[in-house]
Amino acid sequence: MNRLISIAWFFTLVLPVYSQIDPETMDAKDRNEVTVVFMGNSIIQGWKQADPDFFSDPKLLNRGIGGQTTPQLRSRFEKDVLDVNPKAVLILAGTNDIAGNTGEIALTEILDNIDEMAQMASKDHIQVILCSVLPAFDYPWRTGRHPDEKIPALNQMIRELAEAQNLYYLDFFTVMADDRNGLPKDLAEDGVHPTPKGYSVMQNLTLEALKELKLIK
């Protein structure tokens with residue numbers, strides 16, 4: 001990857017780590033209407049940009065921040081989720097940890113962060129939806145991290161956590177992965193961030209889950 005592309009990926013994926021979303025900008029009516037908070041990184045953030053109509057529904061609140069890892073999501077979980085008092089939270093996180101965006105971290109530590117967020121929500125009687133990490137064969141901004149091997153391993157751990165705690169496991173990986181445990185071009189041009197078609201697949205699976213949980217009709 002040449003220097004210009006590397007710099008572009010840095011500003012797109014890493015720099016947004018330092019941005020913040022303040023729920024105080026929401027008025028009381030918005031808070032009372034929120035059914036599901038979507039918590040995650042650039043994949044969640046980009047979903048709103050790719051399909052603004054989906055998130056025009058005040059019941060669905062997007063709290064994605066590009067570049068973030070699970071410790072950063074955990075640190076803002078109270079403000080961005082608990083303080084909003086939704087009926088449910090959808091957590092999609094872990095790929096940036098595997099990429100090493102904020103340093104080396106073991107899969108067990110990633111799982112601990114996801115578990116902590118899930119427990120925080122459950123204590124507030126918020127339904128937890130744990131998502132599988134999306135497939136990735138490699139990361140354009142940091143190659144050689146073997147996400148094609150680490151993501152399936154982490155997803156198995158997330159699935160087992162969901163089963164042990166009676167949480168909902170939303171499996172994007174199985175439907176979206178190609179034969180290399182990556183994302184095909186039509187679902188993610190860069191192999192990581194979904195195209196509109198990729199988000200359409202995710203939306204359909206998410207709506208099925210929300211209906212199953214009786215969060216929407």
Side-chain angles (χ1 to χ4, degrees), residues 12-13 15-70 72-96 114 117-118 120-121 124 126-135 167-173 175-176 183 186-190 192-217:
T12 301
L13 300 167
L15 195 59
V17 164
Y18 301 100
S19 66
Q20 294 294 326
I21 299 175
D22 188 355
E24 295 302 324
T25 59
M26 300 168 56
D27 60 30
K29 180 180 178 182
D30 289 334
R31 286 174 180 269
N32 292 335
E33 286 185 353
V34 173
T35 298
V36 186
V37 174
F38 287 65
M39 188 70 167
N41 49 44
S42 59
I43 293 172
I44 291 293
Q45 184 180 40
W47 196 344
K48 185 174 183 178
Q49 296 166 350
D51 190 0
D53 289 343
F54 183 53
F55 287 98
S56 66
D57 185 343
K59 293 182 174 61
L60 307 180
L61 182 63
N62 189 298
R63 282 292 181 252
I65 297 181
Q68 287 205 329
T69 55
T70 54
Q72 294 167 315
L73 297 178
R74 184 191 60 200
S75 69
R76 65 182 175 92
F77 196 82
E78 182 174 356
K79 177 179 282 189
D80 281 0
V81 179
L82 303 187
D83 288 355
V84 177
N85 193 32
K87 293 181 180 178
V89 59
L90 180 150
I91 302 172
L92 174 54
T95 201
N96 287 330
I114 293 172
M117 289 186 280
M120 291 167 68
D124 272 22
I126 297 170
Q127 170 73 54
V128 178
I129 302 170
L130 295 182
C131 299
S132 67
V133 179
L134 265 59
L167 307 175
Y168 193 98
Y169 180 71
L170 179 50
D171 186 2
F172 294 130
F173 185 95
V175 175
M176 300 178 76
L183 281 167
D186 62 332
L187 298 186
E189 185 66 29
D190 66 355
V192 176
H193 299 87
T195 59
K197 182 178 178 180
Y199 280 120
S200 178
V201 173
M202 294 172 63
Q203 178 177 318
N204 289 337
L205 292 171
T206 300
L207 289 175
E208 288 177 10
L210 298 183
K211 289 175 182 176
E212 184 177 338
L213 292 168
K214 296 181 169 50
L215 292 166
I216 62 171
K217 296 181 179 180

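The model shown is predicted, which means the values in this text are computed figures rather than measured ones.
- Take Asp186 and apply the side-chain contact (heavy atoms from CB on, under 4.5 Å) test, not counting sequence neighbours, and it matches Pro184, Lys197.
- The salt bridge (charged side-chain N to carboxylate O under 4.0 Å, His left out) test applied to Asp171 returns Arg159, not counting sequence neighbours.
- The side-chain heavy atoms of Lys59 and Val36, taken from C-beta on, include no pair separated by under 4.5 Å.
- Between the CG atom of Asn96 and the OG1 atom of Thr70 there is a distance of 9.5 Å, given to the nearest 0.5 Å.
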Result block: side-chain N/O donor-acceptor pairs under 3.5 angstrom for residues 207-217, not counting sequence neighbours:
{"residue": "Glu212", "atom": "OE1", "partner": "Tyr168", "partner atom": "OH", "Å": "3.0"}

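- Qualifying ring pair (Phe, Tyr, Trp, His ring centres under 6.0 Å) partners for Phe38, counting only residues two or more places apart in sequence or in other chains: Trp47, Phe55.
- For the side-chain contact (heavy atoms from CB on, under 4.5 Å) test, residues two or more places apart in sequence or in another chain that qualify with Val201 are Val175, Met176, Leu187, Leu205.
- Nearest heavy atom pair, residue Gln72 against residue Gly67, reads OE1-O, 4.1 Å.
- Considering every non-hydrogen atom in both Ala118 and Val128, the closest pair reads O-CG2, 3.6 Å.
- The shortest side-chain heavy-atom distance between Ile43 and His193 falls under the 4.5 Å cut-off.
- In this structure, the separation between NZ on Lys48 and CG on Leu60 is 10.5 Å, given to the nearest 0.5 Å.
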Practice item. For side-chain contact (heavy atoms from CB on, under 4.5 Å), just list the numbers for Ile44 and Leu90, CA-CA rounded to whole Å, side-chain angles, deciding distance to a tenth of an Å, and then say yes or no. Key: CA-CA 10 Å; Ile44 291 293; Leu90 180 150; 4.1 Å; yes

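- The two residues Ala50 and Pro52 come nearest to each other via the heavy atoms C-CD, 3.6 Å.
- Minimum interatomic distance between Ser132 and Tyr169 (heavy atoms only, all atoms of both residues): CB-OH, 3.1 Å.
- With sequence neighbours excluded, the residues forming a salt bridge (charged side-chain N to carboxylate O under 4.0 Å, His left out) with Glu189 are Lys185, listed by chain and number.
- A 4.5 Å side-chain heavy-atom check between Leu170 and Leu92 finds every atom pair outside the cut-off.
- The side-chain hydrogen bond (donor to acceptor under 3.5 Å, both in side chains) test applied to Thr95 returns Tyr139, not counting sequence neighbours.
- Judged by distance alone, the side chain of Thr195 and the main-chain N or O of Gly198 form a donor-acceptor pair under 3.5 Å.
- Residues satisfying the side-chain contact (heavy atoms from CB on, under 4.5 Å) criterion with Ala188, sequence neighbours excluded, are Leu183, Asp190.
- When the ring pair (Phe, Tyr, Trp, His ring centres under 6.0 Å) test is applied to Phe173, no partner is found at least two apart in sequence or on another chain.
- Ala93 approaches Asn41 most closely through the heavy-atom pair CA-ND2, 4.3 Å.
- In this structure, Arg76 contributes its side chain and Arg63 its backbone to a donor-acceptor pair below 3.5 Å.
- Phe77 CZ to Asp83 CG: the interatomic distance, rounded to the nearest 0.5 Å, is 11.0 Å.
- Side-chain atoms of Pro194 and Leu134, non-hydrogen and from C-beta on, do get closer than 4.5 Å to each other.
- Note that CG of Leu82 is 11.0 Å distant from CE of Met117, once rounded to the nearest 0.5 Å.
- No donor-acceptor contact under 3.5 angstrom links the side chains of Thr206 and Gln203, judged on distance only.
- In this structure, CE in Met39 is found 11.5 Å from CD1 in Ile114, a value given to the nearest 0.5 Å.
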